K.L.:
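The structure that follows is given in the form of structure tokens.
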Amino acid sequence: MTADLARAGSDPRPGFPLRPELRGIEPYGAPQLDVPVLLNVNENPYPPSDRVVADIAGAVAEAARGLNRYPDRDFDALRADLATYLLRESGVTLRPEQIWAANGSNEVMLHLLQAFGGPGRTALSFAPTYSMYPEYARDTATAWIAGRRAADFTLDPDEVVAEIERHVPSVILLASPNNPTGTALRPASIAGVLAAADGVPGGCVVVVDEAYGEFRRAGTPSALELLADHPNLAVSRTMSKAFGLAGARVGYLAAAPALIDALRVVRLPYHLSAVTQAVARAALAHSTELMAQVGSLRAERDVTVTWLRDRGLTVPDTDANFVLFGMFDDRHAIWQGLLDRGVLIRETGPEGWLRVSIGTPAEMAAFKDALVEVAGL
Ligand SMILES: *Cc1c(COP(=O)(O)O)cnc(C)c1O
């Protein structure tokens, strides 16, 4: 990239017709630093096993033989595999026509806002939540409203109804488990949002972002169970977190076929490459092995929560593969102290809190040792 191009996003030359709302905006992204212990972006710490790598390599070689042709635009085989996986994971039966996929759930979410947001329309969420949501709204010229979550980071039903009535959104985005707090929404909360959304004139799509769904604790149901009764509900998932495939960029959602038909209108033709489809299908064939790993990450998560609470820190209940903990008068100093000891976590969420992703037992030991030193626990 030339220096001029690199600068263009943040420092446009006079007359450069950048949209006014993009002027001076830095591209989103956590720092990508070269540090021994990376616990900052909620990745799965375990790389794919040799067997998974071999199968992915074979599937990519096979796909390479056909790369002179455009890929299957509707990725039917991948949709069928994802439906099979969701049945095993959540016990919910879905048809391939109820599945949509794209390059990460970030792109899935962008498709949703392209189809159901847009100029003159509003997207609503409840903060603190995923920091990308306002960016999808901005990029699709959708107005953005962030209501507040309760002090324990759950949704207050009265607040939800009031915000929906006040802003008349066409899209509501709810992360469950929520990033950065780890909070899963109770089915009654989601049902309350769906009921209020049904009252929106012109209709309202409710998106439950279950990027961390596989990490939910026993007894926490998936919103997939509500799909059969709610044609305006979309439940989004990703292969980036539990599945350990962040580098492949595969996200997907489940919804009524009519909702998915709307997404097919706004996607770019052939948006999911033949290589991506091959990689995702090869990995899905190993879902049993990958799900076993999720079990150990969940256990490590619960141990980490107890350890932090035992040292007097506040930790909201978490159904994800990360833990929010606090509160610190100077969280930046704690974050920096950990980084100085080779442990990168995330300075995110409301003032005073920090977020750590669950890594391997050795990585969590390094995190704990560093935190004891830095915070004097
Ligand atoms: C990580 C994350 C995603 C997933 O992003 P991908 O584009 O699928 O990698 C989606 N939603 C939330 C809340 C996340 O934290």
Side-chain angles (χ1 to χ4, degrees), residues 28 42 105-106 109 112-113 117 122-138 142-197 199-200 204-213 215-217 219-223 226 233-236 241 301 305 308-309 313-328 331 346-357:
Y28 170 82
N42 304 338
S105 49
N106 271 280
M109 228 77 78
L112 284 162
L113 283 185
T122 298
L124 171 68
S125 189
F126 296 87
T129 193
Y130 190 36
S131 39
M132 278 301 294
Y133 295 156
E135 305 215 1
Y136 314 138
R138 180 198 70 204
T142 309
W144 167 251
I145 300 285
R148 301 299 308 167
R149 283 173 175 255
D152 64 356
F153 304 125
T154 61
L155 290 184
D156 170 351
D158 297 334
E159 161 91 357
V160 167
V161 171
E163 294 287 19
I164 292 174
E165 285 176 355
R166 188 175 319 141
H167 299 291
V168 199
S170 63
V171 181
I172 299 172
L173 296 168
L174 304 172
S176 178
N178 185 43
N179 183 3
T181 64
T183 318
L185 293 175
R186 287 184 303 270
S189 289
I190 299 175
V193 176
L194 285 162
V200 172
C204 175
V205 168
V206 176
V207 182
V208 179
D209 178 355
E210 292 192 346
Y212 302 97
F215 296 107
R216 66 193 186 278
R217 290 171 296 171
T220 304
S222 164
L226 302 170
L233 171 65
V235 181
S236 137
K241 308 284 164 57
R301 180 242 352 248
V305 169
L308 289 163
R309 285 179 179 160
L313 292 165
T314 307
V315 183
D317 284 339
T318 170
D319 280 86
N321 67 333
F322 55 81
V323 178
L324 192 74
F325 63 100
M327 320 249 315
F328 300 104
R331 69 168 169 178
R346 193 78 183 270
E347 190 178 352
T348 187
E351 196 46 54
W353 298 91
L354 292 165
R355 190 193 73 193
V356 63
S357 313

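Remember, it's a predicted structure, so these values are computed and weren't measured experimentally.
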K.L.:
So, taking the atom named CG in Leu233 and the one named CD1 in Ile190, what distance separates them when rounded to the nearest 0.5 Å?
P.N.:
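It comes to 8.0 Å.
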
K.L.:
Can you check side-chain hydrogen bond (donor to acceptor under 3.5 Å, both in side chains) on Tyr212 and Asn321, steps first, answer last?
P.N.:
CA-CA 7 Å; Tyr212 302 97; Asn321 67 333; 5.1 Å; no

K.L.:
Are the side chain of Ser125 and the backbone of Leu173 linked by a donor-acceptor contact shorter than 3.5 Å?
P.N.:
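Yes.
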
K.L.:
Does anything in residues 152-177 form a ring-ring contact (aromatic ring centres under 6.0 Å, His included)? List the pairs, not counting sequence neighbours.
P.N.:
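Sorted result for residues 152-177: Phe153-Trp353.
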
K.L.:
Mind running side-chain contact (heavy atoms from CB on, under 4.5 Å) on Leu112 and Val171 for me, showing each step along the way?
P.N.:
CA-CA 8 Å; Leu112 284 162; Val171 181; 5.6 Å; no

K.L.:
Tell me every residue that passes salt bridge (Lys or Arg N to Asp or Glu O under 4.0 Å) with Arg149, counting only those two or more places apart in sequence or in another chain.
P.N.:
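Arg149 satisfies salt bridge (Lys or Arg N to Asp or Glu O under 4.0 Å) with no other residue.
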
K.L.:
Roughly how far, to the nearest 0.5 Å, is the NZ atom of Lys241 from the OG atom of Ser357?
P.N.:
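NZ of Lys241 is found 9.0 Å from OG of Ser357.
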
K.L.:
For Arg166, check salt bridge (Lys or Arg N to Asp or Glu O under 4.0 Å) against everything at least two apart and list the hits.
P.N.:
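Result, salt bridge (Lys or Arg N to Asp or Glu O under 4.0 Å) vs Arg166: Glu163.
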
K.L.:
Looking at residues at least two apart in the chain, or sitting in another chain, which of them share a salt bridge (Lys or Arg N to Asp or Glu O under 4.0 Å) with Arg309?
P.N.:
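For Arg309, the residues satisfying salt bridge (Lys or Arg N to Asp or Glu O under 4.0 Å) (neighbours in sequence not counted) are Asp317.
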
K.L.:
For Asn179 and Arg355, which I'm curious about, is there any donor-acceptor pair between the side chains at under 3.5 Å?
P.N.:
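Note: Asn179 and Arg355 side chains meet the donor-acceptor criterion.
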
K.L.:
Would you please test Val193 and Ile172 for side-chain contact (heavy atoms from CB on, under 4.5 Å) and show each step?
P.N.:
CA-CA 9 Å; Val193 176; Ile172 299 172; 4.0 Å; yes

K.L.:
Give the ring-plane orientation class for Trp144 versus Tyr133, where under 30° counts as parallel, over 60° as perpendicular and anything between as tilted.
P.N.:
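Rings of Trp144 and Tyr133: tilted, as their planes differ by 30° to 60°.
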
K.L.:
Where do Leu354 and Arg346 land on the side-chain contact (heavy atoms from CB on, under 4.5 Å) test, with the steps shown first?
P.N.:
CA-CA 6 Å; Leu354 292 165; Arg346 193 78 183 270; over 6 Å; no

K.L.:
Holding to salt bridge (Lys or Arg N to Asp or Glu O under 4.0 Å), I want the full list of residues that pass it with Asp319, two or more places apart in sequence or in another chain.
P.N.:
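Listed in chain order: Arg217.
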
K.L.:
With distance as the sole criterion, is a donor-acceptor pair present between the side chains of Glu210 and Ser222 under 3.5 Å?
P.N.:
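Yes.
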
K.L.:
For the CG atom of Asp209 and the CE atom of Met109, what is their distance to the nearest 0.5 Å?
P.N.:
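So the CG of Asp209 and the CE of Met109 are separated by 3.5 Å.
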
K.L.:
To the closest 0.5 Å, what do you measure between CG (Leu174) and OG (Ser189)?
P.N.:
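Answer for the CG-OG pair, Leu174 versus Ser189, is 9.0 Å.
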
K.L.:
Going by the rule ring-ring contact (aromatic ring centres under 6.0 Å, His included), which residues pair with Phe325 if we only count those two or more places apart in sequence or in a different chain?
P.N.:
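Per chain and number, Phe325 pairs via ring-ring contact (aromatic ring centres under 6.0 Å, His included) with Phe328, Phe367.
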
K.L.:
Hey, is Arg148 close enough to Glu159 for a salt bridge, meaning N to O under 4.0 Å?
P.N.:
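No, Arg148 and Glu159 are not salt-bridged.
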
K.L.:
Run the side-chain hydrogen bond (donor to acceptor under 3.5 Å, both in side chains) test on Asn178 and Tyr130 for me, step by step, so that the C-alpha distance in whole Å, both residues' side-chain angles and the decisive distance to 0.1 Å come before the verdict.
P.N.:
CA-CA 7 Å; Asn178 185 43; Tyr130 190 36; over 6 Å; no

